Protein chains: 4
Amino acid sequence: MKNKTPKSSQKNPKNPKKAATILKAAEHIFARKGFQTATISDIAKKAKVSEATIYEYFSSKEELLFAIPAEIIQHYQEKNREILPYIHGAANKLRFLIHRHLALYEDNPDYANVVMLILKGNPNFLKTEAYRVVQSSARNYIEVLEEGIKSNEFRPDMDPYMIRAMIWGNIEHLVTRKSLLGKPENLTNLTDTLFNTLFNGIRTTAEQPPLNINVHLTRSE
Amino acid sequence: MKNKTPKSSQKNPKNPKKAATILKAAEHIFARKGFQTATISDIAKKAKVSEATIYEYFSSKEELLFAIPAEIIQHYQEKNREILPYIHGAANKLRFLIHRHLALYEDNPDYANVVMLILKGNPNFLKTEAYRVVQSSARNYIEVLEEGIKSNEFRPDMDPYMIRAMIWGNIEHLVTRKSLLGKPENLTNLTDTLFNTLFNGIRTTAEQPPLNINVHLTRSE
Amino acid sequence: MKNKTPKSSQKNPKNPKKAATILKAAEHIFARKGFQTATISDIAKKAKVSEATIYEYFSSKEELLFAIPAEIIQHYQEKNREILPYIHGAANKLRFLIHRHLALYEDNPDYANVVMLILKGNPNFLKTEAYRVVQSSARNYIEVLEEGIKSNEFRPDMDPYMIRAMIWGNIEHLVTRKSLLGKPENLTNLTDTLFNTLFNGIRTTAEQPPLNINVHLTRSE
Amino acid sequence: MKNKTPKSSQKNPKNPKKAATILKAAEHIFARKGFQTATISDIAKKAKVSEATIYEYFSSKEELLFAIPAEIIQHYQEKNREILPYIHGAANKLRFLIHRHLALYEDNPDYANVVMLILKGNPNFLKTEAYRVVQSSARNYIEVLEEGIKSNEFRPDMDPYMIRAMIWGNIEHLVTRKSLLGKPENLTNLTDTLFNTLFNGIRTTAEQPPLNINVHLTRSE
DNA sequence: AATGAATGAGATTTCATTCAT
DNA sequence: CATGAATGAAATCTCATTCAT
């Protein structure tokens with residue numbers, strides 16, 4: 001007789017405004033308490049709804065967590081796709097992507113916390129629709145980097161995937177530090193440093209063995 | 001997050017061998033199940049001791065978690081400190097550090113999992129003794145980078161902290177990917193790619209700063 | 001067991017057709033899921049009405065359950081009362097009752113499930129109007145059995161209540177088996193077996209010790 | 001990472017006495033409140049242990065329920081098997097089984113409640129080990145009935161399975177009535193009524209096969 | 001008359017942790 | 001030293017039920 005129906009992970013958006021309220025509350029609480037420590041009760045209180053109401057909109061605590069990035073990342077990627085074509089040159093595009101990436105986290109510190117401290121460590125997130133969008137936004141980098149190679153702006157021997165890992169890793173490292181230590185107060189300011197370092201490397205130009213050309217002017221006798 | 005009275009965080013190492021067994025078991029279990037999902041019972045079973053015995057050696061589940069990196073990171077850093085002086089040139093030292101860093105995670109995949117997916121998201125880890133060692137190992141990078149500036153191997157205008165973030169972030173990004181997706185099968189192989197990119201940047205050589213041409217006009221007698 | 005204020009147990013039959021639809025749906029769901037496991041939501045879906053509508057017709061889940069037998073048993077008993085007078089002889093009447101009893105469950109397997117697996121275990125059902133009708137239908141048996149005693153068809157020393165318990169128990173046992181195990185595929189076919197066994201007992205006739213009467217004819221001297 | 005181990009439904013009998021205490025408490029509470037209405041908390045209070053302790057011994061509320069009949073039915077059946085061989089004649093054996101059956105419930109009214117009102121309606125019970133024993137005890141009846149046919153004590157045309165259904169159903173009907181209505185105060189007293197009715201039927205003796213009268217005419221000398 | 005939306009009210013279950021032996 | 005046994009303390013999640021529209 002027992003017969004659990006496999007709960008539909010898609011709840012009807014009865015009242016989209018309330019869903020958004022709950023999501024914001026969840027983001028706030030998760031960002032401060034972590035996933036396990038945060039309770040549905042905390043979130044319900046913050047959102048000023050009953051706990052049961054949360055379950056009307058999200059079928060589990062984890063689904064609630066995973067729903068947090070969905071909209072923001074979607075919007076982020078759409079805007080990227082919209083603007084990129086207007087930017088000239090792969091290097092400029094790359095700088096733009098880096099800036100956007102940093103701004104995303106700078107403008108949404110709670111979101112940054114949730115992503116860096118909670119979602120990144122949760123393998124189930126990989127199965128999420130939101131993660132699909134993350135992947136698609138990662139492709140931006142690859143496309144721009146390949147464009148730069150074609151246009152001769154970037155070294156042809158570089159591996160776009162490695163470069164992306166470098167950028168992505170750098171950004172996430174900075175964001176995580178900010179989340180945990182508050183240290184790099186401002187993130188977007190670092191856009192140029194990051195870009196320039198990546199673009200030029202750290203080798204001192206002087207290091208490039210200067211060509212010493214000794215020209216001996218000899219007076220012809 | 002939860003922050004109970006910190007108890008005697010130093011338990012008598014009654015039987016160091018058993019402590020090590022427990023730690024290995026914990027690493028194994030945590031790596032596979034995550035912190036919350038893993039149970040003391042799981043770990044006890046794996047270590048073939050009773051749950052109560054675990055509490056003889058570690059005063060809480062979280063302390064057990066934090067104890068995992070202690071030894072490995074200590075040993076890692078000591079070896080770094082030991083070898084570094086024998087390496088000539090900041091660039092070579094930097095390459096060495098990157099290699100060691102990648103090897104650390106490559107050689108200890110369970111440890112990598114624990115660090116990337118669990119510890120990084122736990123703010124309490126920052127208060128840990130082990131984290132102190134992590135910080136000290138982070139200083140290696142700064143020292144080497146500063147040495148490189150002094151020795152004119154690296155650009156004087158670069159920010160060592162930013163460069164370190166770049167390297168560190170890149171490495172952790174790669175390691176996390178490997179933990180979650182298994183993707184970069186081999187990590188240490190990437191040492192040179194990472195180093196070279198960082199060293200030379202991605203700008204095509206054609207656009208590199210113009211050669212310095214020193215013209216010495218010598219009057220021939 | 002739980003016994004909340006009994007509310008207005010008589011709801012206005014706003015739309016009798018809809019009430020019937022809901023009842024059929026409830027019977028279907030309860031029969032398959034049991035009382036606790038079945039949800040109002042399940043029933044609402046099956047009946048294609050909203051959950052709130054169910055509460056327009058039935059004031060609680062339990063009242064809904066108890067409403068299921070009401071009509072069917074009423075109709076069953078009315079028909080019994082109607083036909084019985086036309087049957088000649090207590091034995092024939094008894095056979096008729098058994099047949100009807102078996103047919104009731106055979107023709108309504110969902111109803112059989114609900115009665116055997118759910119209602120029988122619920123003490124609150126005894127306070128129900130429907131149970132009153134069950135009792136009155138039980139009286140049929142008593143009346144017929146007593147008639148049989150009077151008419152000398154049945155042993156005068158038998159206890160009608162015990163006999164009824166025997167019949168009733170036998171039938172319910174068979175029906176329950178069918179509900180749970182599907183085993184006696186056909187129920188009404190068993191009417192005669194049941195009746196004959198009851199009527200004749202299981203003692204072999206040969207077993208009745210033959211009376212040996214020795215008659216000595218003596219010639220008077 | 002999530003990885004629920006499929007709980008072993010066999011818990012170590014750490015302390016058999018405590019397990020028995022819990023079982024008795026559960027029987028008591030379930031008998032009075034029904035399965036759903038009874039709470040683990042109720043049972044824990046009655047057994048004077050914590051709720052968690054109950055879960056040390058039984059892995060779920062339902063398993064706790066199913067554990068109730070295990071021992072009692074086992075013991076019941078063992079005793080039956082032990083005594084049966086000493087009884088002479090199928091009829092006597094049958095009377096014995098009926099008596100034992102009634103006594104089982106008479107002597108354990110809480111147990112009777114649990115079986116009649118709760119277990120009988122739970123299809124999962126059929127998958128239970130205890131149910132296996134019930135089945136084996138049901139086989140007693142069949143064996144005795146078949147023996148009676150062979151020995152010519154019982155009619156050869158009777159269906160043992162039907163007869164068993166009759167007895168079993170009758171008994172359960174009486175026990176259920178007693179559980180719900182308290183009505184047949186005494187159960188074992190009914191043994192003979194039940195047996196005799198079954199044995200002789202309810203047909204009036206007048207209609208029974210005519211007596212055999214042997215008349216020996218002897219000529220006196 | 002019908003229902004979408006909201007929630008009150010708990011119960012089961014899980015573990016980390018303790019303590020007496 | 002080691003551990004078997006016991007439990008305190010919550011948290012998630014489920015539904016029957018209500019009410020405003």
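Note on naming: letters A, B, ... go to the chains in the order of the sequence lines (proteins, then strands), and numbering restarts at 1 for each one. Since the structure is predicted, the reported quantities are computational estimates derived from the model, not experimental observations.
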Residue whose closest nucleotide on DNA chain E lies nearer the 5' end, A/Val49 versus B/Ala38: A/Val49
Nearest of E/dT13, F/dA2, E/dT7 to any side-chain atom of D/Lys61? E/dT13
May I have the distance from B/Ile43 (atom CD1) to E/dT17 (atom P), rounded to whole angstrom? 11 Å
Looking at A/Tyr57, is A/Lys18 sitting on its ring face, NZ or CZ under 6.0 Å from the six-membered ring centre and within 45 degrees of the normal? no
How close or far is atom P of F/dA9 from atom CD of A/Gln36, stated in whole angstroms? 20 Å
With the side chain defined as heavy atoms from C-beta on, C/Ile40 is closest, among F/dT17, F/dC13, E/dT17, to F/dT17
For B/Ser60 and for A/Ala52, find the nucleotide of DNA chain E with the closest heavy atom, then tell me which residue's nucleotide is more 5'. A/Ala52
Among the nucleotides F/dT7, E/dG8, E/dA2, which one has an atom lying closest to any side-chain atom of C/Lys18? E/dA2
What is the distance, to the nearest angstrom, from the CD atom on A/Glu51 to the P atom on F/dC15? 16 Å
From the list D/Arg32, D/Lys33, D/Lys61, salt bridge (charged side-chain N to carboxylate O under 4.0 Å, His left out) partner of D/Asp42 resolves to D/Lys33
Closest to the B/Tyr57 side chain: E/dA6, F/dA2, F/dC13? F/dA2
Between E/dG4, F/dA2, E/dT7, which nucleotide gets closest to the side-chain atoms of B/Thr53? F/dA2
Nearest-Å distance, CD (C/Glu56) to C1' (F/dA16)? 15 Å
Taking everything shown except D/Gln36 itself, do over 12 heavy atoms lie less than 6.0 Å from its CD? yes
d(CD1, B/Ile22; P, E/dA16) in whole Å: 15 Å
D/Thr39 has its side chain closest, among E/dA11, F/dC13, F/dT3, to E/dA11
So, do D/Leu23 and D/Phe58 sit near enough that their side-chain heavy atoms are less than 4.5 Å apart? yes
Watson-Crick or G-U wobble partner of F/dT14, both distances under 3.5 Å: E/dA9
To the nearest angstrom, how far is D/Lys45 atom NZ from F/dG8 atom C1'? 15 Å
Looking at A/Phe125, I'd like to know if the NZ or CZ of A/Lys120 sits under 6.0 Å from its six-membered ring centre while staying within 45 degrees of the ring's axis. no
How long is the line joining CD1 of B/Ile29 and P of E/dA16, in whole Å? 12 Å
Identify the nucleotide, in any strand shown, that forms a Watson-Crick or G-U wobble pair with F/dA6, with both distances under 3.5 Å; if there is none, say none. E/dT17
Can you tell me the Watson-Crick or wobble partner of E/dA1, both distances under 3.5 angstrom? none
Answer yes or no: does a side-chain N or O of B/Tyr55 lie under 4.0 Å from OP1 or OP2 of E/dC19? no
d(NZ, D/Lys48; C1', F/dA6) in whole Å: 17 Å
